[in-house]
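See below for the structure under consideration.
Residues: numbered from 1 along the sequence shown.
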Amino acid sequence: MGTMQSGLILDFFVLIIMRIAFLHTVPSFKEINDLISDISLTASEDIFQVYEYDCLYKGNNIVKALFYFRRFLKKNKIDIVHTYYYIDAYLAYKICNKLKIKVVFSNYFYHSDLKGIKKRIFNTVLKNTNIIFQTETQKKYYFSNYKFNIDNIESCFTLYHAYRFERIDNQEFQSLRDEYFIDDLKYLIGTIGDFSPAHDVMNIFKMVKKLRKTGRNFICLIAGGALEEYDSYYDNCRYYYLIQGLDNYIYYLNHRDDTTNILSQLDAFVYHSDNEAVALPVIEAMVMGVNIVVNDCEMIKELTHNGKYATLFISNDEKDFALKTREVLNNLDDYQLISETIKEECRCIFSMEKHVLGLKNIYSKLLD
């Protein structure tokens, strides 16, 4: 009798396991690739079962590709398709609507520059999928600027990006000072992020110009590449860099994938965000215990608990930016002690375990 009851209980749990297909077709978005991989490693089968699918666009026949994706969903009895790119979310919605499969779209951007058919596709996604926003700031923006009915509101959630700390702590160390022949006596400051008006590198260039007046014993590393859609912005940054004679203070690292290695070697991580939904490099720096100097926009204040986890400067004020950066560099021992406490607290907030449990709660609500 006991064996029969155990079997029934086991069958019951097998029946209620949620089957989640993660669809992500943008290999250049490394942070999302890592996130999905970390979710898969962290989520045990009693939380939800993970299926990864990244080949939706391989080949020239999109209709055939969608057919194979539909067959994959049916074969594996998928309950929810989780996407991170709005085109993926749109195609998943078109396929899943008739299959009664829920679609989740984790939105990492504002997409305010979309036009024409891309804008119509994005609006369709907003109206017909379940959206996970990255910050409450982003969520408020969408509620203020898009028409959401009651059904939409009940399908909107907020869940912070997260990191699996084993990945961070087991990083491969490669000395930037050796790579770029930087004197050990010079402070290392730096930023991470491609050149765009949203991640405003120009403000960092202007800060460096001010900072060198307070002491020339530093190098600023810029780890980011030029984006095709923002060529003119990149050109403006390069022109300012040359005309102001910043070549002895700023080193270009271009786009790099070893962000953890870079952050671990900085005396101060500097950042300026004008219009981002979430600043992933800032979160990564916080969970690594790096000294952070960042502007006081609403999104940043939310992530840093109103400046508890970073030194905030006035947005678009390069003088205040330079003063706050110099203050950190002049008091590194004190700030390093503070950053160790920050590291522990932020690892509770942005842990992969917490993220996975958050996903479980969202999925459960959608399937009730």
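- Nearest approach of C346 to M286, heavy atoms of both residues: SG-CB, 3.7 Å.
- If you chain together hydrophobic residues whose side chains sit under 4.5 Å apart, L126 and Y93 never meet in one group.
- Within the 4.5 Å cutoff, the side chain of I182 has heavy atoms near those of the Y251 side chain.
- No continuous path of hydrophobic side-chain contacts links F218 to L188 [ILVMFWY only; heavy atoms under 4.5 Å].
- Under the 3.5 Å distance criterion, with hydrogens and angles disregarded, no donor-acceptor pair is assigned to the side chains of D368 and Y363.
- A salt bridge links E345 and K308; the closest N-O separation between the charged side-chain nitrogens and carboxylate oxygens is under 4.0 Å.
- In plain terms, the two heavy atoms of T304 and A310 that are nearest each other are CG2-CB, 3.8 Å.
- Ring centroid separation for the pair H111 and Y86 comes in under the 6.0 Å cut-off.
- Between E276 and Y271, the side chains place a donor N or O and an acceptor N or O closer than 3.5 Å (distance only, hydrogens not considered).
- For residues 311-325, the set of pairs meeting the side chain to side chain donor-acceptor pair (under 3.5 Å) definition, not counting sequence neighbours, comprises N203-N316, N295-S315, D296-S315, D320-K324.
- Between Y84 and F22, the ring-plane angle classifies as parallel under the 30° and 60° cut-offs.
- Although no hydrogens or angles enter the test, the distance criterion places no donor-acceptor pair under 3.5 Å between the side chain of E52 and the main chain of A21.
- The environment of E172 atom CD is sparse: at most 12 non-hydrogen atoms of other residues, nucleotides or ligands sit within 6.0 angstrom.
- Closest heavy-atom contact between G215 and R326: O-NH2, 2.8 Å.
- Ion pairing between a basic and an acidic side chain is recognised when a charged N comes within 4.0 Å of a carboxylate O; D34 and R167 show such pairing.
- Between the side chains of E327 and N331, not a single donor N or O lies within less than 3.5 Å of an accepting N or O.
- By the criterion of side-chain heavy atoms lying less than 4.5 angstrom apart, applied directly or through intervening Ile, Leu, Val, Met, Phe, Trp or Tyr residues, L211 is not grouped with F269; the two fall into different hydrophobic clusters.
- A donor-acceptor pair under 3.5 Å is formed between the side chain of Q138 and the backbone N or O of N107.
- For the residue pair D88 / T83, no side-chain donor-acceptor distance below 3.5 Å is found, with atom types taken as modelled.
- Y163 and R347 are not linked by any side-chain donor-acceptor pair at a separation below 3.5 angstrom, with hydrogens and angles left out of the test.
- For the residue pair D194/H255, the side-chain donor-acceptor check at 3.5 Å is satisfied.
- Here the side chain of N33 pairs a donor or acceptor atom with the backbone of P27 at under 3.5 angstrom.
- No option in I222, I250, N236 other than I222 meets the side-chain contact (heavy atoms from CB on, under 4.5 Å) test with V201.
- Across all their heavy atoms, I300 and A279 have their closest contact at CD1-CB, 3.9 Å.
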Item to complete: Could you go through the side chain to side chain donor-acceptor pair (under 3.5 Å) check for H82 and S106 one step at a time?
Response: CA-CA 8 Å; H82 193 147; S106 283; 2.7 Å; yes
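- Screening D267, L332, I338 for a side-chain contact (heavy atoms from CB on, under 4.5 Å) involving N291 leaves a single residue, L332.
- Between F321 and F313, the angle of the ring planes stays under 30°, which puts this pair in the parallel group of the 30/60° scheme.
- A tilted orientation is assigned to the rings of F72 and Y53, their planes being inclined by 30° to 60°.
- Taking the ring centroids of Y142 and F133, they lie under the 6.0 Å cut-off.
- One hydrophobic cluster, built from ILVMFWY side chains closer than 4.5 Å, cannot hold both L41 and L359; they sit in different ones.
- Aromatic ring orientation, F29 versus F109: tilted (interplanar angle from 30° to 60°).
- Taking 4.0 Å as the cut-off between side-chain N and carboxylate O, E284 and R164 do not count as a salt-bridged pair.
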Worksheet entry | Verdict with supporting geometry, Y252 and Y241, ring pair (Phe, Tyr, Trp, His ring centres under 6.0 Å) | CA-CA 11 Å; Y252 283 95; Y241 160 83; 5.0 Å; yes
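- The cluster map of Ile, Leu, Val, Met, Phe, Trp and Tyr, joined by side-chain heavy atoms under 4.5 Å apart, puts Y90 and V63 in the same cluster.
- Between the side chains of E31 and Y108, no donor-acceptor pair is found at a separation under 3.5 Å.
- A tilted orientation is assigned to the rings of F350 and Y160, their planes being inclined by 30° to 60°.
- Judged by distance alone, the side chain of N130 and the main-chain N or O of V103 form a donor-acceptor pair under 3.5 Å.
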